[in-house]
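Structure first, then comments.
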Amino acid sequence: MARVYDNWERLVRVTLQREQLRNAGQGHERTPSGLAGAVPPSLKKTTNIDAILQAADEIQSEDPNVARILCEQAYSMAQNLDPTSDGRGVLQFKTGLMSVIKQKLAKRDGVRIDRNRDIERLWEFYQLYKRKNRVDDIQKEEQKWRESGTFSANLGQLELRTSAMKRVFATLRALIEVMEALSRDAAPDGVGKKIIEELRRIKKSDGTLTGEFIPYNIVPLDAPSLTNAIGMFPEVRAAVSAIRYTEYFPRLPDDFEVSGMRNLDIFDLLEYAFGFQKDNIRNQRENVVLSIANAQSRLGVPVEAEPKIDEKAITEVFLKVLDNYIKWCKYLQIRLVWNSLEAINRDRKLILVSLYFLIWGEAANVRFVPECICYIFHHMAKELDAILDHGEAKPAASCMNENGTVSYLDQIIFPIYGTMAEEANSGKIAHSGWRNYDDFNEYFWSPACFELSWPLKKDSSFLKHPKKGKRTGKSTFVEHRTFLHLYRSFHRLWIFLVIMFQGLAIIAFNHGKFNMKTFKEILSLGPTFAIMNFLECCLDVLLTFGAYTTARGMAISRLFISFFWGGISSVFVTYVYLKILQERNDQYSDSFYFRIYILVLGVYAALRLFLGLLLKFPACHTLSEFSDRWSFFRFFKWIYQERYYVGRGLYERMGDYFRYMLFWLVIFSCKFTFAYFLQIRPLVRPTTIIMNLPSLPYSWHDLVSKQNSNALTIASLWAPVIAIYLMDIHIWYTLLSALVGGLMGARSHLGEIRSVEMVHKRFESFPEAFVKNLVSPQSQRMPLERPSPQVSQEMNKAYAAIFSPFWNEIIKSLREEDFISNREMDLLSIPSNAGTLTLVQWPLFLLSSKILLAMDLALDCKDTQADLWNRISRDEYMAYAVQECYYSVEKILHSLVDAEGRLWVERIYREINNSVLEASVLLTLTLTKLPLVVSRITALTGLLIRNETPELARGAAKAMYELYEVVTHDLLSSDLREQLDTWNILAKARNEGRLFSRIQWPRDPEIKEQVKRLHLLLTVKDSAANIPKNLEARRRLEFFTNSLFMEMPSAKAVSEMIPFSVFTPYYSETVLYSSSDLRVENEDGISILFYLQKIFPDEWVNFLERIGRGESTGDGDLQESSSDNLELRFWASYRGQTLARTVRGMMYYRRALMLQSHLERRAIGEMNAGYSGSTFPSTQGFELSREARAQADLKFTYVVSCQIYGQQKQKKAPEAADIALLMQRNEALRIAFIHVEESGASDGKISKEFYSKLVKADINGKDQEIYSIKLPGDPKLGEGKPENQNHAIVFTRGDAIQTIDMNQDNYLEEAMKMRNLLEEFKGNHGLRRPTILGVREHVFTGSVSSLAWFMSNQETSFVTLGQRVLAHPLKVRMHYGHPDVFDRIFHISRGGISKASRVINISEDIFAGFNSTLRQGNITHHEYIQVGKGRDVGLNQIALFEGKVAGGNGEQVLSRDVYRLGQLFDFFRMLSFFYTTVGFYVCTMVRLIK
C-alpha cells in the first residue's frame, strides 16, 4: 500500500511539473519545483506560498515530515486567501496540493504521523539545518567582511558559495515564516517560547535573512545583503546617510511603520505627507541614492570612516534636476519656492529633489507634460515648506481624499489623466479637433495657468472634458491637415527662392545690362516680398482657427497686428511701385513716388535687417537681451517673432555660424550660377520670340493665351525650369555634403585600417593607442618620458601587458559568438606579457611561419651576421619571432633541467651571446643544422604541452637528450664541441647516465603558456594573412583597431564614469527561435536553420566545434541533447533580429565594465587603484568578483520594456518563457511591463486597474517583483512605442540613457569605449553641452539579399556621412532613432525621450530631437563607436518602412515643432533643417511631378 501512495505522490508531482512547463512554454532552464512553479499568480501577490513550497521540495529528501508541514501551511494560506477558489488555476492547484498532503499523512512503515508534534519537529529541523549549513558562521564572516571591506575567499568558491547561501537563506526564511504561523497556537512555554525568542532575535539583529530576500533592484536599501557588495561602497553609504531623517524635520506619528530594516529617511516624510505609493517611494529612493552617490564619485570617493556627501555633489544634482523648473519660473516671472541657492541647506535641496522625482515617478502619462510637472512641483514644494516649518508632520491638503486618506495619484494625477484620456478617445478625428499632449503642456506656458489653482479646481477649463460634436479649444497651434504648412513654416525659404528667381530673370531679360531701367525692374522685388510676407500672415490667421477661444490674448493680438501691418505695407508698397512703373520712361528718376518708394523700402529693409540680426545673429544675442529693458524694442521683437517657452536662444557661437553659413553660400553660388546660365538665360530669346508671335490658332481650347502673348505656351516652357529650380538645391546640398563629409571622415582617420593586412601591419602600435584612449589615467601609471631605448622597450612591454587582457576578452567574445574557431582564437590571442621575458610577445597570427622563413634566410646566408640580421629585420614581426623563440627556449630549458643540465644550458647561451656581441655567429654555429635543432625542440614541446604521465616523462627526457646531442655535436663549431665534450662535470653526468635523466614537468602557469606558445610558433606553417577568415570578425577588428587612433575623450575610472542605462522597448516580436521555428519549411522547402547554415557556413562549423560536435552532426543529433538544442536555438537567434540578440549585445556593457573595474583593482573602501610596479592584473575570475559586479551595477542598468509581458504570461505564450530565460541568463536584466487586474463591480461591469511593474529573476529562476506602481488608467493613450517607453522610464538609472531597439546588437570591443563616449557630455561641442550623443550604426543584415545589401548601404551612408555633416558644421542633427545616448535628467524633466500624441507623433523618435533642440539642447554625432542594427530585408518590408517614414514626415509638416524650428532658426540653419527633413520629400515630390 505504501508503494501505491508513493506512486500516487510522484504522479501528482509530475503532473504539476508538466503544468508548470506548459505555463513556461518549453521550460528551458527554469528550476522551480512542480509544486512551487504551479502556484497561481493570484496567490503569489500577497503571500510567499511559492517560496514555502520551494523550500518543501528542497528539504523533501532530508526530512519528509517537515516538507509535509510546509505543504500544509501553504495549503492553509491558499485557503484563507481564496476560500472559494475563484482565482484562475486556484482550484486545480489546491486539489493537487491536497493530494500530495494526503499521501504524506498516510501510514509509512506502519507508523502514523503525529501532527501534534509538528511544531517541535519543525523547531528541531530548523536548529539542525542552521548548524549543518553554518549559518551562524556565515553571519560572523559577513560581519568581519563589513568591518574590513575586503574579500578573502577564492573567486570560484565565492561564486558557488554565494549561490548556495541564497538557497539556504531562502529555505530558512520559509521555515521561519511557518514557525511564526504555528507558534501562535503553541503553548507559551516550551518550544513556543523558544520560537518567539528566536523570531525576536532575528527581527532585531539578523539582517542577512531579511536582506537577501527583500526584493530590490540595484541597491539593497531595506536591509543589508551579503551577496551584494554595492551597499558597502563609501559613496553609496554616504548617500544613504545623506537622506536619513534628522532632528530638524518634523516628527512623524508614532504608528508610522518603516519597511524593512532601514532607518527613517526623508522619503518616509514625503510618503506620509503626500500619499505617494510605497513602491514609487522605494523606486525613487534608490534613484536618488544612486544619483547622489555617482555625483560624489566624480568628485572623489569619500575616505572617512563615516563617509559624507560633498555639498557640491548635492548642488550639482539639485540644479540639474530642477533646471527646467527654474527656467519655467523665470519665464513666467514668478518666485522660486526657495529664496536663493545659498539660503537653502543640503537637506532642503535633497528633499526638493526627492519630491520632484516622486512627482515625476507617479505621474504616468502626465510625464509627457513637463511644465505641468513644474506646476505641480511648485505648489507641492510650497506645501512641503509649510509642513517642514511645523514640529509635527501633517498630510498635505491637496492630496487628501474625502475618506481621510492621502493619495497623490487620486487627487492630483487622476483628474489630469482623466481629461487626457477623454481627449485621446477623440484622437481618431482630425488633429485640430482635440487636445494632444502638447496642447495640455502649453497651457502652463502662461501665467494664466495659475487659474487652475491649488488644490486643482475640477471645473477649470483645463480639466474640462470634451463634448461630442463640439471642438475642443487648442492652445496656440492647430494642426490643420494642409500643404499650406510647408509655406507657413518655411516662408523665408520660399520668399528667398522666388525673389532670387525674379531678380535673375530680370537681369537675364535685360541681357545682363545694369542701368536705370534694370534697377527699376529689380525694385519690383519689394512688392513681391511684401505680398509673400502678407500671405504668411494670412496663413497664420487662417491656420490658427480652432484656438481663438483658448489661446492667450497676446498671441491672438500679435496675429492680427501682423496681419493688418502686412496687409497695409503690401498694399502701400505695391501701389507706390505701380506709380513708379507709370514713370518708367523718366530717365532722371527724381519723381516724388520714386523717392518715397526708396525711402520706405530702405527703412523697411533696415528695420527687418536690424531685427533679424538682433534675434538671429549669434553675436547680437547679448544685445537682444539687453534691449528687452525698453518696451519699444520688446514690441517690435514680439511682432517680428512670437515668444514661446521653447525655442528661445536657438543660436550658435560665431565660429559655428560662419561655418554653416559658408556651407550654404557655396551651395547658393553653384545653384544660382547654374540657374542663370543654364536655366534662365537660354529661355529668354525663345520666350521673347513666342511673346512677339501674332495670335495663333491652337488645336486645344486655350482661353488664357488669346490676346495675352501666348501665355500658356510660355508657362509650359518655363514650368519644368521652375520645378528644377525649386528642387535642385537639394542636389547641390547632396553633392557638397558628400564632399565635406568625406573630408571630415578622412580628417577623423576613418577607414585608415580597412583590411586585415593593415591590422597586421599596425598591430605593434595598438597597445599604446589602446592604453592612452581606453584605459583610465589612474590605471596607467606610466612614465611620460622615454629617456632611453631600454625604457622605451619596457614601456612597450607595459602597454602590451595592459592591452592583452582586453584584447583576449575581445577574441574570446568572437569565439563565443562563433565568428572564429578554436585555432583562430589561439592564434589571435596575445600573451599576458606579465612574465619575466623582456620582449613584447605578439599574437601568433603575426608571427606564424616567421621562424621557418627566418631559417630559410639563415640557410641561404653567404654574408655576415649583420647582413643576415638586416634581412630578417626587414620584417619586424620576423625579428620579434626570432628573438622570442631564442629567449623562450632558454627560459623553458632552464626550468626543465637542474644540476649539470642547467649548467649546460647556461654555457650554451653564454657562448652564443658572446658570439653575437663579437659578430661571429656564423663561425660559432653551423646554420645548416638549424632545421634539425628546431625539429628536436618541436618534439620536446609537443610532449610538454600534454598532461604529465610516466611514459611522457620518459619521452621528454629522451627528447631533451636528443636535443643536447644535436646542439652539441651538430650545431656548435668543432672548438666548442670539443670543449663541451671534455667538460668534466658534464662528461661525468653523461657517463653515469644522470644527464637529462629526469625532467621537471612545467607547473608554473607562465612556463606552461610559453611552452604552448613556442610549440605553436614552431609548428604553424600556414600564413596567417587570412586570419580571421570570417568577414564579420574582420570588419569588427578593423573598425575597433581603427577607432583607437580617432579622437575621443580620455576614459575615466569606472568608479568616476558617468552612469547610464540602456532602454529597449519590446512588444510581441520574436524573442528566441523555437525548435519548431527553426525546422519548419516554407513553400520552397527551406527552413530557417537550413538557410542560416548556408549563408553562415563557417559560423555553423565553429558552433559545432564549440559544443564539442563534429562537422557531420545532424539536426536530429542536436535535438537529442537538451543543452545542445538550447545552444542551437540561441545560435540561430543571434543571427536574426531577435530580442535575445539585443539582450546579449547590451549586456556586453556590463561585462566590459566588470572587466575594466576588475583590472582597475578597486576594493571596497580602498583608494589605491591601478597597477603598481611590474605587476599587471589577470582577467581570471573577473565575472565572479563581487566588487567588479557591484561597480558595474552602480554604473549600468538595462531595462527592457515588454509592454504585454503580463498578458503573455497569462496566455502561456512562448515569448513569456523566452523572456524569463533571458532574465535567468542575465542577472542584471530588468523587465518592465504593464499588469492589468480585472475586478467585478456591484453593477456587473468589469473594472480594470493598471500597474507598471519591474521584475527580475530570483535564485529559483522565477520572476521576482521589484516594484509595482499603480497607474491612473490605461497608459496607452497615444502612440504605442513612446507610451511603452514612458511607463518604464521611471525604472532607469544614471545620468544618461541609450535608446536601443529590439533589432539591434552590440559588441564587447565597442562596449569598452562607452566610458569615452559618455565623457562627450562634458566636452566642448559648441555653445551648449551635448544633450544627445549620436552614435554610428552598422547594418548587419546586408548579407541576406541584394535588396538588404542596398538598404544596408543606404542606411550606412546616412548614419555615417550624412549625420556627420548634419552634426557639424550644419548643427541640425536630430534624433533619427536608435542608438543615440540621451542626457537622462535633461530629457525626463522636459517630456521624455519621445513624443506620444496619436498619429502626429508616429515618427516619435525624431520629435525627441526636435524637443531637445527647441529646449536649448545640443545634438552631436560620434563615429569612433558603433552599434549593430537590423534592417528590413524583403521588398514588402522595405516598402512598408519607407512608407512609414514618408508618412511620418507628412505628419511632421503639420506639427508645431517643425513650425517653430522653421520660424526660430536663423536663415542658414533653417535651410539645413528643411532640406534634411521634410524638404527631402518635397523635392522628391516635385521631381516626380516634373
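As the structure is a prediction and not an experimental result, all values here were calculated from the model.
Test Glu316, Glu1056, Glu1319 against Arg298 for salt bridge (Lys or Arg N to Asp or Glu O under 4.0 Å) and you get one pass: Glu316. Evaluated for a side-chain contact (heavy atoms from CB on, under 4.5 Å) with Ile1300, the options Val1143, Val1200, Thr1064 yield exactly one hit, Thr1064. Here the options are Trp842, Phe770, Phe766, the test is ring pair (Phe, Tyr, Trp, His ring centres under 6.0 Å), and the partner is Phe803; only Phe770 passes. With Leu1333 as the fixed residue, the side-chain contact (heavy atoms from CB on, under 4.5 Å) test singles out one of Asp1380, Val1381, Asp1383, Ile1425: Val1381.
A ring-centre distance under 6.0 Å is not found for His1325 and His1421. Aromatic pair Tyr1424/Phe1039: ring centres not closer than 6.0 Å. With ring centers used as reference points, His1375 lies 6.0 Å or more from Phe1407. If you look at Tyr1198 and Tyr1149, their ring centroids are not closer than 6.0 Å.
More than 12 heavy atoms of other residues, nucleotides or ligands lie within 6.0 Å of NZ in Lys1322, so this atom counts as buried by the packing criterion. Around the CG atom of Leu1031, the shell of radius 6.0 Å holds no more than 12 heavy atoms that belong to other residues, nucleotides or ligands.
Residue pairs meeting the salt bridge (charged side-chain N to carboxylate O under 4.0 Å, His left out) criterion with at least one partner in residues 1306-1316, sequence neighbours excluded, are Arg1036-Glu1309, Glu1160-Arg1315, Glu1310-Lys1313. Within the structure, salt bridge (charged side-chain N to carboxylate O under 4.0 Å, His left out) pairs that include any residue of residues 1357-1366 comprise Arg1364-Glu1423 (at least two apart or interchain).
Applying the side-chain contact (heavy atoms from CB on, under 4.5 Å) criterion to Thr315, with sequence neighbours excluded, gives Glu311, Leu319, Leu341, Lys349.
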